[in-house]
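Values below: every heavy atom of this structure, side chains too, minus hydrogens, waters and symmetry copies.
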Amino acid sequence: NLTLRSVEGLGSTFKISLKLPKGAGLVANQSLLNRHRILLVADSMRDRGKLLEYFQEWLLEVDSHGSSPVALEKLRQASLTKQPYELVIIDLQLHKHAGAQLAQEISKNPAFDNVRILLLVHDRDSLTQNNNSAQRIDAMLVKPVRKQMLHDAIATVLGREYSEVQPLVTDRSLQDATVTHTRRALL
C-alpha cells in the first residue's frame, strides 16, 4: 500500500506498508552463517538435539560434545589443523559453573585466541557473575533462547573482527538493536 499526501507550501508525505511473511528476516540472513565451523558443548541431549537442528538449517559445520574435557581436546586438535573452530557455544547444566569454567579454560589458552565464545545461561544473574575481564565471552544469552535470537547472536559474533574489543552480546542488546523506528523525510 502506497499513500501520498501533499500540502502546497508544506511538502509531501509518502507512506508505504508491506506485508512480509513471518520469518523472512531469518531466511534472508541464512547466508551469514553458511559454512562457519562451530563446536557445541551441551550436556543435555534434548537441548543439543534442538540446537543441532537449528545449526543444520543454517548450514553451519558443527561438532557436538557433552563434556568439557572432550570439547577442550577437540579444540586443541582443531587448532593444530587448518580448520580451527570459529565459535564455541556452551550450554552446560549439570554443574552450575561448568560453562563458565570451560569458557575460562578457553580464554586463558593462547592457542584459542581466535575462538569466539557464546554462553547459554539459565538466569540473568549469570550475566553479571560470568562477565569479567578474565574471560573472553563474546555473547551470553538467557535460556530459553529463541531461534531468531540465537541466530542473530551467532551472526553478530562471527561478523566481528578478531582484533576488535566489543561489548558483550546479550538477549537485551540484540532486542535493542532490532527495534524499528519510524523514519520521516521532508522532500
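- Between Pro84 and Ser79 the shortest heavy-atom distance is CB-CA, 4.4 Å.
- Here the side chains of Tyr85 and Arg116 are not in contact, with every heavy-atom distance at 4.5 Å or above.
- Nearest approach of Ala71 to Val41, heavy atoms of both residues: CB-CG2, 3.4 Å.
- A distance of 9.0 Å separates NE2 in His65 from CG in Leu40, rounded to the nearest 0.5 Å.
- The closest side-chain heavy-atom distance from Leu39 to Val115 is not below 4.5 Å.
- Residue Leu119 forms a side chain to side chain contact (heavy atoms under 4.5 Å, CB included) with just one option from Ile137, Leu141, Leu102, and that option is Ile137.
- At least one donor-acceptor pair closer than 3.5 Å links the side chain of Asp138 to the backbone N or O of Ile117.
- Between the side chain of Ser107 and the main chain of Arg136, a donor-acceptor pair closer than 3.5 Å is present.
- With sequence neighbours excluded, the residues forming a side-chain contact (heavy atoms from CB on, under 4.5 Å) with Gln77 are Glu73, Lys74, listed by chain and number.
- Atom OG of Ser68 is separated from atom CD of Glu105 by 8.5 Å, given to the nearest 0.5 angstrom.
- Between atom CG of residue Asn114 and atom CG of residue Leu87 there is a gap of 12.5 Å, rounded to the nearest 0.5 Å.
- Counting only distance, with no hydrogens or angles, the side chain of Glu86 and the backbone of Ile38 share no donor-acceptor pair below 3.5 Å.
- Within the 4.5 Å cutoff, side-chain heavy atoms of Leu51 are placed close to those of Leu120.
- Between Asp91 and Arg48 there is no salt bridge, since none of the side-chain N atoms of the basic residue sits less than 4.0 Å from a carboxylate O of the acidic one.
- In terms of the side-chain contact (heavy atoms from CB on, under 4.5 Å) criterion, residue partners of Glu53 (sequence neighbours excluded) are, by chain and number, Lys50.
- At least one side-chain heavy atom of Ser64 sits less than 4.5 Å from a side-chain heavy atom of Leu52.
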Step-by-step side chain to side chain contact (heavy atoms under 4.5 Å, CB included) determination, Leu150 to Trp58: CA-CA 11 Å; Leu150 180 61; Trp58 299 333; 4.2 Å; yes
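- Taking CG of Asp47 as the reference point, atom CE of Met45 lies at 11.0 Å (rounded to 0.5 Å).
- Other residues, nucleotides and ligands place more than 12 heavy atoms under 6.0 Å from the NZ atom of Lys143.
- For the atom pair Leu158 CG and Leu60 CG, the distance stands at 7.5 Å (nearest 0.5 Å).
- Note that NE2 of His151 and OG1 of Thr156 are 9.5 Å apart. Values are rounded to the nearest 0.5 Å.
- For Leu118 against Ala153, the heavy-atom pair with the smallest separation is CD1-CB, 4.0 Å.
- Of all heavy-atom pairs between Ala139 and Val157, the closest is CB-CG2, 3.7 Å.
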